[in-house]
Amino acid sequence: MMDEKIDVVDRTSDLPEFILHHILSFLPRKEATKICLLSKKWNCVWSSFPILDFDQALGKGNIMPDTSLDNKKRVEKFMNNVDTSLSRFHDHNLKMQKFELHMTLVDFKLASLVDKWIELAFEHDAREIGFQVRTEVNSWYTFPRTIFVAKSTNGCKLEQPCTWSAVKFYSLQKLVLGYLCVSEEIIQDIIRCCPFITDFLIVGCHGLKNLEISKLSKLCKVEVTPLEQEVENIKVEAANLQHFSFNYSRERQCLLDITACQNLKELYLTDLRITDQNLHFNISRFPHLETLEVSGCIMLERVKISAQRLRMLTFETCEKLLELEIDSPNLSSFKYFSLENVFPMIFPKNAPCPFELTFVLYNIVDTLWFLKLREFLAMSNQRKVLKLIVICEEVTFNLEDLRGITLPPSFELELMMLEVRMSALSIDCGSLIDGLLWSCRPKQLSLPTGLESGKKCIKVLCEDILDKEDRDFSCCWRHHFKGAKIKSIAGIEGEKLLDCKTLLDTLPTLVKGQEIQFRLDWNTICMEGCIRI
């Protein structure tokens, strides 16, 4: 057969420049820079690439404040690279799509260089701009107001300041300000000069006491995370706002007014000192709300959630929460997370989805704790998934401690996920398993692999639920336990896996992040009054 000669043709380079730019946009900047070495065509494409993303943390420089001589040299090298890239971009008078800068300013003599970059990003009509400029402790880089009072034309600043009506940046849609000194006046300058912003994020900034955002007709997303505990009032008026996130501090009160945002769909509140009444008042103003996440709001005690379109609801570490009533007929996800072993009364008035419940056990876990867990799970017939993260150093369980107490029936769980951390290596795993399987009846039980503490717990499980010959019936949950099988090991299923010996032999070979799943079978009778005095 005659050998056929195959010509290798680089057809990719013949594609239009905007398509090549699109291809580069999927690559990390470090990888994309290597492409320019392939040919003169790719070098030209890279020179005009409209996405400029500079992240000091991706190199050897430290993004956190570090005034060491070595780090200063690395930062200067990083800044030279940024300046060279921007100067080339500016010299060719190219339009910018995105400019991102994440860095630490170790020498304020170089602040004017950062001012220059920010001005260039605005002048080149970037649609997305993000600045996160960290500095030394007790010092702040100040966002330059000069970009709003004078605008460059063909690389030259106007000799006389423009009027406000002339200085408009209509292209800007997304703006992120991080770890800067930003005054209320600067925020108003941005609002006045960038009328088409859709996403506005303020992260860890200093200098704001009153934040007011309005007159942005296209605004869809606002996220505020103050670094300093100094913000006293936040007011947002945006008819088309769909996403609002506020992360504050538990120590101080902040007045929040977003009730004018009636098209809001996603609301995230973290560490906000908000009362039951204020939360209910705000929620009632958002008829289109689909996602609500409340975390660390320590003033909440008795909460009623009534939102007809709500699909995702999350409550995390609200340590004083006593009651939670949910009336959301379209709810598809409810998650509750507790760090304080808080067992609130949850009333699913109208909530069709399973409840995902997570408890972190870091205090001493005793018989009374297991009783509270049993009562909490039996509070409603809602389907439930329970995740327990064990980091405590002591677990005890003794049924004699509950002498004379009337018990609710043991609740049947869809799934229990048990994760025993290394800090809990010394706990009595037998007491932990006895207490949990007395508190509820999980259909499935899963444990992650890779930790010595987890291996210890898995071995105890093998003895307690897989080894029928050596099963101890001294604890009453075993009287109603029919048996168990291994459902899967590290995602692998098969009949050969369904025995204790195979599991224990396989255990040392399993790496961190894999999972072992057991299927548990129970008698259908209720487990009431099972304590034997």
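- To the nearest 0.5 Å, atom NE2 of residue H90 and atom NE2 of residue H124 are 5.0 Å apart.
- Atom CG of L180 sits about 4.5 Å away from atom SG of C205, to the nearest 0.5 Å.
- The closest donor-acceptor contact from the side chain of E237 to the backbone of S214 lies at 3.5 Å or more, if one exists at all.
- Listed for the T198 side chain is no donor-acceptor partner under 3.5 Å among the backbone atoms of K218.
- Rounding to the nearest 0.5 Å places SG of C220 at 9.5 Å from NZ of K265.
- Inter-residue side-chain proximity for P144 and I118 is flagged as met; some heavy-atom pair is nearer than 4.5 Å.
- By the 4.5 Å heavy-atom criterion applied to side chains, I274 and L256 are not counted as neighbours.
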Could you please spell out the steps behind the side-chain contact (heavy atoms from CB on, under 4.5 Å) verdict for V294 and C318? CA-CA 8 Å; V294 182; C318 297; 4.0 Å; yes
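- Atom CD1 of I213 is separated from atom NZ of K235 by 12.5 Å, given to the nearest 0.5 angstrom.
- Remark: side-chain polar atoms of K384 are paired, donor with acceptor, to backbone N or O of Q382 under 3.5 angstrom.
- Judged by distance alone, the side chain of D125 and the main-chain N or O of S171 form no donor-acceptor pair under 3.5 Å.
- For the pair L292 and F286, the minimum side-chain heavy-atom distance is 4.5 Å or more.
- Between I391 and S423, the shortest heavy-atom contact is O-OG, 2.8 Å.
- The aromatic rings of F376 and Y336 sit tilted, their planes meeting at an angle between 30° and 60°.
- Taking the side chain to side chain contact (heavy atoms under 4.5 Å, CB included) definition, one finds that L110 meets it with E76, M79, L105, D107, sequence neighbours left out.
- In E323, the CD atom is crowded: over 12 heavy atoms of neighbouring residues, nucleotides or ligands sit closer than 6.0 Å.
- The main-chain N or O of F359 is never found under 3.5 Å from a side-chain atom of N341 such that the two would form a donor-acceptor pair.
- When side chains are defined from C-beta on, V222 does not count as touching I258, because their heavy atoms never get closer than 4.5 Å.
- In the displayed structure, M312 atom CE is contacted under 6.0 Å by at most 12 heavy atoms of other residues, nucleotides or ligands.
- When all heavy atoms of I197 and I190 are compared, the closest pair comes out as CD1-CG2, 3.7 Å.
- No option in W117, F89, F131, F122 other than F131 meets the ring-ring contact (aromatic ring centres under 6.0 Å, His included) test with F99.
- Note that CG of L101 is 5.5 Å distant from CZ of F78, once rounded to the nearest 0.5 Å.
- Checked by atom type and distance alone, the side chain of Q56 pairs as donor or acceptor with a backbone atom of T104 at under 3.5 Å.
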For side-chain contact (heavy atoms from CB on, under 4.5 Å), just list the numbers for N282 and L269, CA-CA rounded to whole Å, side-chain angles, deciding distance to a tenth of an Å, and then say yes or no. CA-CA 12 Å; N282 276 278; L269 301 175; over 6 Å; no
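- The nearest pair of heavy atoms linking I234 to C254 is CG1-SG, 4.2 Å.
- Note: R302 CZ to H280 NE2 = 15.5 Å, rounded to the nearest 0.5 Å.
- Around atom CD1 of I364, no more than 12 heavy atoms belonging to other residues, nucleotides or ligands sit under 6.0 Å away.
- With sequence neighbours excluded, the residues satisfying side chain to side chain donor-acceptor pair (under 3.5 Å) with E100 are H102.
- No donor-acceptor pair closer than 3.5 Å links the side chain of Y268 to the backbone N or O of E223.
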Let me see the working for E301 and D276 under side-chain contact (heavy atoms from CB on, under 4.5 Å), right down to the final yes or no. CA-CA 7 Å; E301 294 182 354; D276 301 341; 3.9 Å; yes
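- Closest of all the heavy-atom pairs between L208 and V231 is O-CG2, 3.4 Å.
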Audit row: I283, L310, side-chain contact (heavy atoms from CB on, under 4.5 Å) steps and yes/no: CA-CA 10 Å; I283 293 174; L310 193 66; over 6 Å; no
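- Contact record, P352 with R383: O-NH2, 3.7 Å, taken as the closest heavy-atom pair.
- With Y170 contributing its side chain and F196 its backbone, the two residues share no donor-acceptor pair below 3.5 Å.
- A heavy-atom distance below 4.5 Å is not found between the side chains of I326 and F315.
- No donor-acceptor pair under 3.5 Å is formed between the side chain of N247 and the backbone N or O of T225.
- No more than 12 heavy-atom neighbours from other residues, nucleotides or ligands sit within 6.0 angstrom of NZ on K335.
- Here R309 pairs with H288 under the side chain to side chain donor-acceptor pair (under 3.5 Å) rule; sequence neighbours left out.
- Looking at Y141 and D115, their side chains come closer than 4.5 Å, going by heavy atoms from C-beta outward.
- Using a 4.5 Å cut-off on side-chain heavy atoms (C-beta onward), E212 and I191 make no contact.
- Between the side chain of N233 and the backbone N or O of L255 there is no donor-acceptor pair closer than 3.5 Å.
- Across all non-hydrogen atoms, the minimal contact from S295 to T317 is OG-OG1, 3.7 Å.
- The shortest distance between side-chain heavy atoms of L425 and M422 falls below 4.5 Å.
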Could you walk me through whether D257 and T259 pass the side chain to side chain donor-acceptor pair (under 3.5 Å) test, one step at a time? CA-CA 6 Å; D257 184 1; T259 55; 2.9 Å; yes
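- In this structure, R192 pairs ionically with D189, as a charged nitrogen and a carboxylate oxygen lie closer than 4.0 Å.
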